[in-house]
Amino acid sequence: MLTVVAENGRTVAGAAPASEAIGLAGVEIAFRLADGRRFEAVAPTDLVVREGEFVAIVGPTGCGKSTLLNAAAGLLKPTSGTVRIFGRTLTGLNGEAGYLFQQDSLMPWKSVVDNVAIALTVSGTPRREARERAMGWLERVGLAAFADRYPHMLSGGQRKRVGLAQVLIRNPRLLLMDEPFGPLDAQTRVIMGDLLLELWSAERKAVMFVTHDLEEAIALSDRVVIMSAGPKARVIGDYAIPIPRPRAIADVRLDPHFHDIHREIWNALKEEVVKGYRQSNGLAP
Ligand SMILES: Nc1ncnc2c1ncn2[C@@H]1O[C@H](COP(=O)(O)OP(=O)(O)OP(=O)(O)O)[C@@H](O)[C@H]1O
């Protein structure tokens, strides 16, 4: 029997499986340290994100979440194994992906609308058309009234909205997000999470979302993948999140499934979090 994760995150039988957007096959990542030693950050890992799927990767600090994401982005070549993007082996930068990192990449000398428009003008779209489309995106992220401001005149949450518009205007086929809301306060994170879900649900691009925040991961995702503490970090759990969509982040915690899922994942994760914390503080494991 075929089993797939449906749009609402529940598994259903009988339907054709969604195609693979990102496929990590035996991806192992080791770094050469300054003293010549080899540090094996991520043990051979298999992970698939299907088209239309929102997958969060959660794990202890320093376990290798960003490293895996960077491999999917083509910013880092795996020591062994392959990264497939829509079925093709990735050899350079991943041109199908839009990235959103913890640090935004706004240009301080450009207005908000030009910061968004530049994502198009760099690839040859005429400036006027790019600015028109940028205005459309600023409306979608609720910032049309701030189009002529400069980045230093924006709050952290507003800067993140510009960052989202900057990424989505290029219409990438998939999104790679590394703690994108990390620097924001708790309330703004909820608002940004809702905005992200609203935008995502319109087109259902594949998303790989790195976070250390388990609640955020459950609230946003179709699947939560958890990693062990490093070195040689590996995937130790992969959980489907059966909470119906559309979701409002603040209400997800009230869903009867939420506490059970949270408890189950946290039970699998907590020992690794303690290990990761001790390692990152130079303490004995
Ligand atoms: N260029 C590098 N050279 C050597 N070691 C590295 C390099 N990049 C990352 N590492 C190590 O690889 C491990 C994984 O790092 P990574 O940034 O992927 O972790 P993370 O899970 O994203 O951490 P956090 O949650 O704290 O952001 C860490 O031990 C880190 O010190």
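Just so you know, ligand 1 is whichever comes first in the structure, and atom 1 is the first atom listed for that ligand.
Near ligand 1, Phe31, Leu33, Phe39, Ala41, Pro60, Thr61, Gly62, Cys63, Gly64, Lys65, Ser66, Thr67 each place a heavy atom less than 4.0 angstrom from the ligand.
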Output side-chain donor-acceptor pairs under 3.5 Å for residues 169-179, partner residues at least two apart or in another chain, one line each.
| unit_1 | atom_1 | unit_2 | atom_2 | d |
| --- | --- | --- | --- | --- |
| Asn171 | OD1 | Lys205 | NZ | 2.6 |
| Asp178 | OD1 | Ser66 | OG | 3.4 |
| Asp178 | OD2 | Ser66 | OG | 2.8 |
| Glu179 | OE1 | His212 | ND1 | 2.9 |
| Glu179 | OE2 | His212 | N | 3.4 |
| Glu179 | OE2 | His212 | ND1 | 3.0 |

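When all heavy atoms of Ile57 and Lys65 are compared, the pair lying nearest together is O-CD, 3.8 Å. Of all heavy-atom pairs spanning Leu138 and Ala147, the tightest one is CD1-CB, 3.8 Å.
In this structure, the salt bridge (charged side-chain N to carboxylate O under 4.0 Å, His left out) partners of Asp114, at least two apart in sequence or on a different chain, are Arg127, Arg131.
Geometrically, Arg263 does not engage Trp266 in a cation-pi contact defined by less than 6.0 Å to the ring centre and at most 45° from the axis.
Val48 belongs to no multi-residue hydrophobic cluster, having no ILVMFWY side-chain contact under 4.5 Å with any other such residue.
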